[in-house]
Amino acid sequence: MQTKQLVNHYLLNYSKLELQEFVQLMGLEKFRGDQIYKGIFNQALEDIDQLSTLSKKIRNQISDISEIRQFQLVKTTKSEKDDTTKFLWELADGKKIESVIIYEGKRVTFCISSQVGCALDCKFCATGKMGFLRNLNSGEIIEQVLTMKNLAKNKPTNIVFMGMGEPLLNLKNVLKASDIVSDPDGLAFSKNKITLSTSGVIPGINKLAEMKSPYSLAISLNSVFEDKRQQIMPISIQYPINDLMDTIQKYVKTTKKKVTFEYILIKNINDSKEDADELLKLTHRLPCKINIIPCNSDDPEYQPPSEKKVKWFSDYIYDNNKTSTVRLRKGWEIQAACGQLYYKHENAIGKKLVSGN
Ligand code: SF4
């Protein structure tokens, strides 16, 4: 029987309402959709046969035309310094994405991707070099969380959209996934522990302010000087830093929430006293957190400063600011290298194909 060919419903990609509609189209009662929803999200069941609230007949009916999980694990790498782990997944269409688990004391952060590749071409980021391939659907976003929950040492305490892609350019699916992850009948994860990290997409920030988003917002700042920011983050040409800061001011006022600024520290590019002073000046009136992350790139132009310089920079920001919480995110270097695992893997395959091995 060609059951495989009929499988085309990816159940993780459906909201509660969509699952209710799906079962009704099959001639079943609406509440069956709620049972599937709880089973696949709340209980994290991976196989339709495990949905014991449904009869065998209904399970067969559903499994003939649908599946719950799609990911294949391609590769895992672990940091030598700590247990921080990066995963490369293959999606149903053969495309690949990365996700990361970062352990810092009691904190367990899942860094997840929102797109395959990215159009924004930040110069220090390997994902930017891939270009944009496609948006992830909400099921693919959630499957990263569900699968890593099985592989992590501890439960996640934080989920951040800091993997591949710009989440505010795939806002509809990112919000749909976040709503399911934080739904008590879904993954029951705390809303304010979900962070959307943007490179500064102003219309997306305005939209989050307008809807009074319950999720946290982080801005990948990386330089406070317009010319330098444009050089390392071309998005700053479209959305200049002054407009971005005005938008963030409005966001903070409307949502009454703090924002986080991510600052990837790059040797001889954004690590001087002048950079630190300007960063302090720009952020001093905002309720915010500042995360300093040493750069980790394969590109010789974008290297981290010496450990001494990294410490000096973060101490200087810490000592001289009045309003923000400053953290030097040490285990995060692996994440600042977003896209590298994909690149290494694809290059290795390319070399094999060329050499015919
Ligand atoms: S840092 Fe983020 S926004 Fe910039 S290219 Fe990489 S994935 Fe895209």
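Both ligands and their constituent atoms are indexed starting at 1 by order of listing. For reference, positions follow the sequence shown, starting with 1. None of these values were measured; they are calculated from a predicted model.
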Is C125 close enough that one of its N/O/S atoms sits under 2.8 Å from atom 4 (Fe) of ligand 1? no
Qualifying residues under salt bridge (charged side-chain N to carboxylate O under 4.0 Å, His left out), relative to K30, sequence neighbours excluded: none
Taking ring-ring contact (aromatic ring centres under 6.0 Å, His included) as the cut-off, I'd like each qualifying pair that reaches into residues 59-92, sequence neighbours left out, listed once. F71-W89, F87-W89
N-O pairing of K207 and E210 below 4.0 Å: no
Using a 4.0 Å heavy-atom cut-off, which part of D121 comes near ligand 1: side chain, backbone, both, or neither? backbone
When you measure from the centre of the six-membered ring of F261, is the NZ or CZ of K289 closer than 6.0 Å and no more than 45° off the axis? no
Which of the numbered atoms in ligand 1 are below 4.0 angstrom from a heavy atom of C118? 3 (S), 5 (S), 7 (S), 8 (Fe)
Proximal ligand 1 atoms for G128, defined as those under 4.0 Å from one of its heavy atoms: 5 (S)
Using 30° and 60° as the class boundaries, would you call the ring planes of F22 and H9 parallel, tilted or perpendicular? tilted
Can you list the ligand 1 atoms lying under 4.0 Å from a non-hydrogen atom of G165? 7 (S)
